[in-house]
Amino acid sequence: MVPTSYYMILSGILFTIGVLGVLVKRNPIVIFMCIELMLNAANIAFVALGRHFAQVNGQMYVIFALAVAAAEVSVGLGIIVSIFRTRESINVDEMNLMKF
Amino acid sequence: MTDYRPLAPYALLTILALAVALLGTVPAARRSGALGWITAIGAGLALFISSQSPEATPWLGMLRLDAFSKACNVIFLAALAIISIASTAEEHRTAFAGEFYALLTLSTVGLMLMGASGGLLTMYLGLELSTIALFALAGFSKREKRSAEAALKLLILGSVASAVVLYGASIVYGVLGTTQFFEMSAAMSHPHAAGASAALYFGITFIVAGLAFKVAAVPFHLWAPDVYEGAPSLVTAFLSTASKAGGFAALLRFLGSVQVPEDRTISTLLIVLSAISMIVGNLSALSQKNFKRMLGYSGVAQSGYILTALAAGSATSKTISSALMYLLLYAFTNVAAFLVAQAIHDATGSDQISALRGLHRRRPTLAFCAVVVMFSLGGIPPLAGFVGKLYLFTAAWDGGQRCLVLIGALTSVAALYYYLMVVRQIYLLDPEDDRKITVAPAIVMAISLCTAAILAIGIYPRPFVTMGEAAASAVQVTSVAHQREAAPVVAASDVSSPHLRP
């Protein structure tokens, strides 16, 4: 049986990759994929810990998190489409109408 | 048998949201502002039911419907009702009025769930429900580039913040083996948790950081000025008051009912958040030309003021009551401020502070209300803002955070400068053109309601303080009572499952 700590390390690595991706990438769709990576890092941790504690709570979290992530993405893609309609580009570097 | 009656306000608002979305299909000419009134009446009804319903902890304690959640509901529902009334003025111009009110109502349900959360899962779900609805609301003026940009900024940063909360929750679950608040307190005093305290603080820091985004505390505030400026004013009014109150409700619930044994790390975190929020928020607001953007930075500073009380010890009754009271009066004050921005924008097409120039000649009643709002934000004595700030700083002082109170007092003086600059524009300068401006009656009514509330709370704060104290004792009682009940359960589960030690 794989020790729980391995799963925790994997989830930590995935979360870090997600955070770095959000900071580095310029396309909002790719940024969104990185946010999904962050959410899934948490999901892996929950599933592994649920098994570790022999509870169903961990799995229950994941079901909720998946539903929430789907809702978030559907609203997010809608916003990205509406941005593309107003300015023919979705590069986040060009989102600079408002600054200091 | 669980008693489901206390859930009635939540069910009522959910049905209201769906009904309003359906009614939105009626042509705008035939409903003439009815949707806003329906939403406002529904919010008032939910508020009444919420105040009358018995206390309960349905679904294995996932929700805690007690005095604290009732006090939070007052804030959220008051904001929802006033903003709905003001929105009736816009209703015939908006293409998707039904969806607007539906999203606003659903967001309120999410905030109410945050206030009533009994564990990290309900807190996360409430946070997401309110935030996702706000993404769509921030981008509601689809044709405007600024609104779309505000929506994208809120979307990306909001999603990251909620992912951070979820990851923090997973770490806390790993250390404690539970995410119910009352079981967490008991599990924390267990030796296993003490052995992994670094991981525990790491997790709690993540959760606090995610919620700090929701309340727009520095350094998680970068979205706030941009989104406040770009989003429609009516949405910003909700975002800057109810949504912020939701973040604080979750923070108070979490930090108040989960007593971390060695509190130093978390209180240091709150002290830092509070101090830099007050300093950065107020200093950045000084140089702003755009009225909504200035209010955005002032909102960051106001979060800092509330955090001073939290830093003084989240579980004390003074902290919780003063924070709730401040959030309530801040809801009225800031909603009114953004409605003034909306009225000025409708009349002049500009969001600049200079657009307020000579308002006392162009619309005397609006000018008076705007000045009351600015004085209340600045904390001038007879008004609500002064009383609230006094309670907050007293709570912080008694909790030993004298340095923070000092920073708060000094930055409040700096803040007075930019609030009084607005008053100067309104009263001391003469307008460029003397014509009267027209303001929609609905907006005038909403602003007058807020102004009356500001004066009432400022002159007679007693009932609101009592409400806050009842809420505070509810949070504490549940945490202490359940500590005794939950302790043997956790101990028993430990025999079969050794806790993780990273």
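What you are looking at is a predicted structure, and each value in this text was computed from that prediction instead of being measured. Naming convention: chains lettered A, B, ... in sequence-line order (proteins, then strands); numbering from 1 in each chain.
In this structure, no portion of B:Leu129 lies under 4.5 Å from any heavy atom of chain A. A:Val19 does not touch chain B: none of its heavy atoms, backbone or side chain, sits under 4.5 Å away. Interface remark: A:Ser11 contributes backbone and side-chain atoms alike to the contact with chain B (heavy atom separation under 4.5 Å). For a residue to count as touching a neighbouring chain, one of its non-hydrogen atoms must lie under 4.5 Å from one of that chain's; by this rule A:Val68 touches chain B with backbone and side chain alike. For B:Leu155, the part lying near chain A is the side chain, with the backbone staying farther off; criterion is any non-hydrogen pair under 4.5 Å. Interface remark: A:Ile80 contributes side-chain atoms only to the contact with chain B (heavy atom separation under 4.5 Å). Heavy atoms of B:Ala169 lying under 4.5 Å from chain A belong to its backbone as well as its side chain.
Between A:Phe53 and B:Tyr173 the shortest heavy-atom distance is CE1-O, 3.2 Å. Residue B:Ala136 comes nearest to A:Val75 through the heavy atom pair N-CG1, 4.2 Å, listed as atom of the first residue, atom of the second, then distance. Across all their heavy atoms, B:Ser170 and A:Leu49 have their closest contact at O-CD1, 3.2 Å. In plain terms, the two heavy atoms of A:Thr86 and B:Ala148 that are nearest each other are OG1-CB, 4.4 Å.
When the heavy atoms of residues 157-164 of chain B are compared with those of chain A, the residues falling under 4.5 Å are B:Ser159, B:Val160, B:Ser162, B:Ala163, B:Val164, listed by number.
Aromatic ring orientation, A:Phe15 versus B:Tyr167: parallel (interplanar angle below 30°, classes split at 30° and 60°).
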Sequence neighbours left out, cut at 3.5 Å: what donor-acceptor pairs do the side chains of residues 57-64 of chain A make with other protein atoms?
unit_1	atom_1	unit_2	atom_2	d
A:Tyr61	OH	B:Leu121	N	3.0
A:Tyr61	OH	B:Thr179	OG1	3.4

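Taking a 6.0 Å sphere around CE of A:Met33, one finds it holds 12 or fewer heavy atoms contributed by other residues, nucleotides or ligands. Atom CZ of A:Arg26 has more than 12 neighbouring heavy atoms from other residues, nucleotides or ligands inside a 6.0 Å radius. At most 12 non-hydrogen atoms from other residues, nucleotides or ligands lie less than 6.0 angstrom from CG of B:Leu60.
Contact tally against chain A (heavy-atom pairs below 4.5 Å) for B:Ile171, B:Ile132, B:Asn290: the top residue is B:Ile132.
In this structure, B:Phe140 CZ and A:Ser82 OG are separated by 11.5 Å, a value rounded to the nearest 0.5 Å. One distance of note links CG of B:Leu166 with CE of A:Met38; it measures 10.0 Å at 0.5 Å rounding.
Under the salt bridge (Lys or Arg N to Asp or Glu O under 4.0 Å) criterion, A:Glu72 pairs with no residue, sequence neighbours left out. Applying the side-chain contact (heavy atoms from CB on, under 4.5 Å) criterion to A:Glu36, with sequence neighbours excluded, gives A:Leu39, A:Ala69, A:Val73.
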Please determine whether side-chain contact (heavy atoms from CB on, under 4.5 Å) holds for the pair A:Ile79 and B:Leu154, giving the CA-CA distance in whole Å, both sets of side-chain angles, and the decisive distance to 0.1 Å. CA-CA 11 Å; A:Ile79 289 171; B:Leu154 184 61; over 6 Å; no
